[in-house]
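For reference, the structure discussed in these notes is given below.
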Amino acid sequence: MNNTTVLLVGHGSRNPAGNAEIERFAAQWRSRRPGWRIEVCFIEYAEVLLDDGLDRAAAGARHVITLPFILNAAGHVKMELPAAIERARQRHPRVHFACARHLGMGREILGVLASQLDRLMAELHHPDPRTTGVILLGRGSSDAGANGELAKLARWLFEDSDHDLVDLAFTSITWPRLESVVQRQVRLGMSQIAIVPVYLFSGVLMDRINAQLARLRQQYPETAFALGSAFGFDAGVFELVDARALGAAEGGLLECDGCKYRLAAEAEHLHDHSHTHTGHGHDHHHHAHA
C-alpha cells in the first residue's frame, strides 16, 4: 500500500453528527493500519465532497483506492462515484484511480447482524426462537436491487437460525414500515420481537426508531421488544474495509467503474437528488450489481 491513498467515501448526512461518526471510524481505522494513508470525503451534505476528496487523495500519491463506505449500492454509488472518478482521472493523469466494491450486504455483514441478534436474545433472556420474531430494519431505497439485498440477508438469517419469522421493514422511501411488521408478527403469535437495525451509524433515524419503539411498547404491552444498535464500529466492519481496500489493490473493483450502461443512465440520474423516486419504471440500470 506504499504510494497509495485509500479514500473512504461516505454518503453524507444532513446531520453533522452522522458525518462525524465516519470521521471517527476513519481515525480508528488509521490507528489499526498506521502504515496506510486514509482520507475521507462524502457524496453529499458535507464540506469535503467527491471532487475535492479525490484531489486531496491524489496529492502525492501514485494510486488512489476509493472505498464506498455504504451498505447499499443504489444510484449514488453506481453513478455519481464512477463519474467523479472519471473526472479525477482527467485532472490527475499520472495517478491510477481504482474503485473498491462498496461494503455490500454479504456474509461479512450477516455475521455482524447474527452477533447483534445473539445479544438481543440474551437481553430477552433467551426465549424460544420459534416464538421470537426478528425484524431487519433498513433505511429503504428507491433502488429495488438495494432493497433486495436486505431481503437476502433476512433469508440467510432465517436459514441460519431457528426463528420462524425473519421479516424486513424500512424507515423511509419504501414499505413496509416497522409498525406494520410488528402488528403482523404479533398477530402471528410472536411473544417477543428482536429489531435489528441495518445501519452503520446512528444518526437521526435511530432517534426516530427509539420513539417508534416507545409507542409500540405501549401499544403491545404483552410483547417483549429488544432493539439493536448501529454496528459501524464492530470489529467485523474494520475487517471488511481492510479486505475491500486490499482486494481493490489486487483488482476487485466496483463493476460500475467504466460500465457502458452507467453512461446511458447518468444524464437522468445525476440531476435527480429528490430521493422520492418510488415508481418501478425509473430504474434504467438493468445489469445486476452485487
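Only heavy atoms go into these numbers, but all of them, side chains included; no hydrogens, no water, no symmetry mates.
In summary, Asp242 and Arg33 engage in a salt bridge, as defined by a charged side-chain N under 4.0 Å from a carboxylate O. Ion pairing between Arg87 and Asp55 fails under the 4.0 Å rule for side-chain N and carboxylate O.
Surrounding CZ of Arg62 are at most 12 heavy atoms belonging to other residues, nucleotides or ligands under 6.0 Å away. At most 12 heavy atoms of other shown residues, nucleotides or ligands fall within 6.0 angstrom of atom CZ in Arg94. Enclosure of atom CD in Glu47 is not indicated, since only 12 or fewer non-hydrogen atoms of other residues, nucleotides or ligands lie within 6.0 angstrom.
A distance-only check finds no donor-acceptor pair linking the side chain of Thr174 to the backbone of Phe170 [under 3.5 Å]. The closest donor-acceptor contact from the side chain of His163 to the backbone of Thr132 lies under 3.5 Å. In terms of modelled atom types and a separation under 3.5 Å, the side chain of Gln116 and the main chain of Ser229 share a donor-acceptor contact. Judged by distance alone, with hydrogens and angles left aside, the side-chain atoms of Arg139 form no donor-acceptor pair with the main-chain N or O of Ser172 at under 3.5 Å. Counting only distance, with no hydrogens or angles, the side chain of Ser161 and the backbone of Leu157 share a donor-acceptor pair below 3.5 Å. Within the 3.5 Å criterion, the main-chain N or O of Ser141 finds a donor-acceptor partner in the side chain of Asn147. Under a 3.5 Å cut-off, the side chain of Ser13 and the backbone N or O of Gly18 do not form any donor-acceptor pair. No side-chain donor-acceptor contact under 3.5 Å links Asp52 to the backbone of Val48. Remark: side-chain polar atoms of Gln185 are paired, donor with acceptor, to backbone N or O of Val134 under 3.5 angstrom. Checking side-chain atoms of Thr4 against main-chain N and O of Asn2 turns up a donor-acceptor pair under 3.5 Å.
Residues Leu137 and Val198 have side chains not in contact (no heavy-atom distance under 4.5 Å, counting atoms from C-beta outward). Under the 4.5 Å side-chain criterion, counting only non-hydrogen atoms from C-beta, Ile43 is in contact with Ile70. Between Val241 and Leu67, the closest side-chain pair of non-hydrogen atoms falls below 4.5 Å. With a 4.5 Å cut-off on side-chain heavy atoms, Asp51 and Arg91 count as touching. Counting heavy atoms from C-beta outward, Cys41 and Leu50 have side chains that approach closer than 4.5 Å. Residues Val6 and Trp29 meet the side-chain proximity criterion, which asks for heavy atoms closer than 4.5 Å. Using a 4.5 Å heavy-atom threshold, the side chains of Arg107 and Trp156 count as touching. Within the 4.5 Å cutoff, the side chain of Glu239 has no heavy atoms near those of the Arg244 side chain.
With sequence neighbours left out, the side chain to side chain contact (heavy atoms under 4.5 Å, CB included) criterion links Asp207 to no other residue. Remark: Glu23 pairs with Val40, Phe42 by the side chain to side chain contact (heavy atoms under 4.5 Å, CB included) rule, at least two apart or across chains.
A cation-pi arrangement is not found for Arg30 relative to Trp36, the charged atom failing to lie both closer than 6.0 Å to the ring centre and inside a 45° cone about the ring normal. Note that Arg177 lies in the cation-pi zone of Trp175, set by a 6.0 Å cut-off to the ring centre and a 45° limit from the axis.
The CG atom of Leu150 sits 5.0 Å away from atom CG of Leu168, with the distance rounded to the nearest 0.5 Å. Rounding to the nearest 0.5 Å places CD1 of Ile193 at 12.0 Å from CG of Leu227. Here the CG atom belonging to Leu110 is positioned 13.0 Å from the CZ atom belonging to Arg155, to the nearest 0.5 angstrom. The CD atom of Glu149 lies 11.0 Å from the CD1 atom of Ile109; values are rounded to the nearest 0.5 Å. For the atom pair CD (Gln183) and CG (Leu178), the distance works out to 11.5 Å, reported to the nearest 0.5 Å.
Applying the ring pair (Phe, Tyr, Trp, His ring centres under 6.0 Å) test to residues at least two apart or on different chains, the pairs with a partner in residues 213-247 are Phe25-Phe238, Phe201-Phe233.
Cluster membership for Met190 and Leu124, using ILVMFWY side-chain heavy atoms within less than 4.5 angstrom, is not shared.
Among all heavy-atom pairs drawn from Ala61 and Val95, the shortest one is O-CG2, 3.5 Å.
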